[in-house]
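Notes for the one structure printed next.
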Amino acid sequence: MDPVTRETDRLVLRAFTPGDVDAVYHACQDEDIQYYTPVPVPYRREHAEKSVCEEWPAGWATDKDYNLGAFRKGSGAFVGTYCLTRMSRGVFELGYWAVKEQRGHGYSVEAARALCDWGWATLDVHRIEWWAMVGNTGSRAVAEKLGFTVEGTLRNRAIANDGKPHDWWVGGLLRL
């Protein structure tokens, strides 16, 4: 599938371009992104180049990962990345992270809602899942504002970048 562009009142969601490499690199220097998401640590510029120029476009080309960058209208400031990943037939995972300076303004709810709405309308989706390491209260707050039901806590679900297993929350949003 070719990447799409979506607009909300305050944001433009679009596919990443090579010109976004520096913004992704700088955002991923944030300790919270490095702790709560599976980005490489230390995060180098070549990691951003690979994501922006290879991995994220390949996700669209293979119809597996639909990754969009959110940018503020007017200023063009980078807000974060928002992705729907095909897990199995009809089930997708919503993933996101936001630039530290852009958190707390409702942008993640706005961007994730636009992406989920596109997914419901375009993809064969009956369930969208959300996962976050226990303690990532910002991610949980976004998911709950989107209407996800937190369905449980998975003990020692995954090993994080600190090399230790951590508990994870899991939630679901069902097609009505």
Side-chain angles (χ1 to χ4, degrees), residues 1 3-4 6 8 11 13 15-16 24 27-28 30-41 43 47 50-51 55-56 58-60 62-70 78-100 102-176:
M1 177 181 301
V4 298
R6 306 291 296 173
T8 67
L11 304 171
L13 282 78
F16 287 91
V24 170
C28 289
D30 176 38
E31 290 179 6
D32 285 340
I33 290 174
Q34 290 187 15
Y35 183 70
Y36 287 118
T37 71
V39 300
V41 176
Y43 194 85
H47 296 125
K50 186 173 184 180
S51 292
E55 294 171 347
W56 294 341
W60 283 92
T62 60
D63 282 329
K64 181 164 179 1
D65 292 306
Y66 305 99
N67 199 311
L68 295 173
F78 179 45
V79 170
T81 181
Y82 301 83
C83 184
L84 285 175
T85 299
R86 185 182 311 272
M87 304 304 291
S88 62
R89 184 176 176 196
V91 179
F92 286 76
E93 177 186 354
L94 173 66
Y96 48 86
W97 53 256
V99 175
K100 185 175 188 172
Q102 302 297 335
R103 295 178 196 146
H105 303 285
Y107 297 130
S108 284
V109 172
E110 192 172 325
R113 185 177 318 280
L115 183 60
C116 288
D117 288 348
W118 171 81
W120 295 124
T122 307
L123 306 171
D124 180 25
V125 180
H126 68 267
R127 175 183 170 85
I128 299 175
E129 294 184 348
W130 156 86
W131 303 76
M133 191 186 318
V134 170
N136 190 347
T137 56
S139 180
R140 183 172 175 153
V142 168
E144 289 177 335
K145 287 177 184 173
L146 290 168
F148 280 80
T149 298
V150 178
E151 298 170 335
T153 301
L154 302 176
R155 296 174 299 145
N156 287 342
R157 176 188 176 257
I159 296 175
N161 283 331
D162 63 2
K164 299 175 186 171
H166 289 267
D167 295 349
W168 282 63
W169 293 311
V170 60
L173 187 61
L174 303 178
R175 182 180 209 91
L176 300 178

message: Around atom NZ of Lys145, are there more than 12 heavy atoms from other residues, nucleotides or ligands closer than 6.0 Å?
response: no
field: Arg140 vs Asn136 side-chain heavy atoms within contact, under 4.5 Å
entry: no
Closest approach of Gly119 to Leu84 (non-hydrogen atoms, all atoms of both residues): CA-CD1, 3.9 Å
Pair up each side-chain donor or acceptor in residues 159-176 with any protein partner under 3.5 Å, not counting sequence neighbours, and list the distances.
residue: Asn161; atom: ND2; partner: Gln34; partner atom: O; Å: 2.6
residue: Asn161; atom: ND2; partner: Thr37; partner atom: O; Å: 3.1
residue: Asn161; atom: ND2; partner: Val39; partner atom: O; Å: 2.9
residue: Asp162; atom: OD1; partner: Lys164; partner atom: N; Å: 2.9
residue: Asp162; atom: OD1; partner: His166; partner atom: NE2; Å: 3.1
residue: Asp162; atom: OD2; partner: His166; partner atom: NE2; Å: 2.8
residue: Asp167; atom: OD1; partner: Asn156; partner atom: N; Å: 2.8
residue: Arg175; atom: NH1; partner: Trp120; partner atom: O; Å: 3.2
residue: Arg175; atom: NH1; partner: Val125; partner atom: O; Å: 2.9
residue: Arg175; atom: NH2; partner: Trp120; partner atom: O; Å: 2.8

query: Of all heavy-atom pairs between Ile33 and Ala98, which one has the smallest distance, and what is that distance?
result: CD1-O, 3.8 Å
- request: Any chance you could lay out the side-chain contact (heavy atoms from CB on, under 4.5 Å) test for Ile128 and Leu146, step after step, and finish with the verdict?
  value: CA-CA 11 Å; Ile128 299 175; Leu146 290 168; over 6 Å; no
Side chain proximity check, Tyr82 to Ser108, heavy atoms < 4.5 angstrom: yes
message: Show the nearest heavy-atom pair for residues Trp60 and Pro3, with the distance to one decimal.
response: CE3-CA, 3.4 Å
Interatomic distance, Leu123 atom CG to Tyr66 atom OH [nearest 0.5 angstrom]: 5.0 Å
task: For Ala15 and Leu68, work out which heavy atoms get closest and say how close.
output: N-CD2, 3.5 Å
query: Rounded to the nearest 0.5 Å, what separation is found between the CG atom of Leu11 and the NE2 atom of His105?
result: 11.5 Å
- prompt: Atom CD in Glu93, atom CD in Glu129: separation rounded to 0.5 Å?
  reply: 7.0 Å
query: Can a donor-acceptor pair be found between the side chains of Tyr107 and Thr8 at a distance below 3.5 Å?
result: no
message: Quick check: closest heavy atoms across Tyr96 and Ala143, and the distance to 0.1 Å?
response: OH-N, 3.5 Å
- prompt: Taking it one step at a time, do Asp124 and Arg89 satisfy side-chain contact (heavy atoms from CB on, under 4.5 Å)?
  reply: CA-CA 8 Å; Asp124 180 25; Arg89 184 176 176 196; 4.2 Å; yes
field: pair Glu144-Val150: side-chain heavy atoms closer than 4.5 Å
entry: yes
field: Rounded distance (nearest 0.5 Å) linking atom OG1 of Thr81 with atom CG of Asn67
entry: 3.5 Å
Pairwise side-chain contact, Ser51 with Tyr43, heavy-atom cut-off 4.5 Å (strictly under): yes
- line: OG1 of Thr153 to CZ of Arg155, rounded to nearest 0.5 Å, is 10.0 Å
statement: Note: Tyr36 and Gly135 closest approach over all heavy atoms is OH-O, 3.2 Å
query: Between Phe78 and Phe16, what is the ring plane arrangement, given parallel below 30°, perpendicular above 60°, and tilted in between?
result: perpendicular
- prompt: What distance separates Ser139 OG from Trp131 CH2, expressed to the nearest 0.5 Å?
  reply: 13.0 Å
query: Are Val142 and Phe148 close enough, and set up right, to give a side-chain contact (heavy atoms from CB on, under 4.5 Å), and what steps lead you there?
result: CA-CA 9 Å; Val142 168; Phe148 280 80; over 6 Å; no
- request: Go through the steps for Asp32 and Trp97 under the test side-chain contact (heavy atoms from CB on, under 4.5 Å), then give the verdict.
  value: CA-CA 9 Å; Asp32 285 340; Trp97 53 256; over 6 Å; no
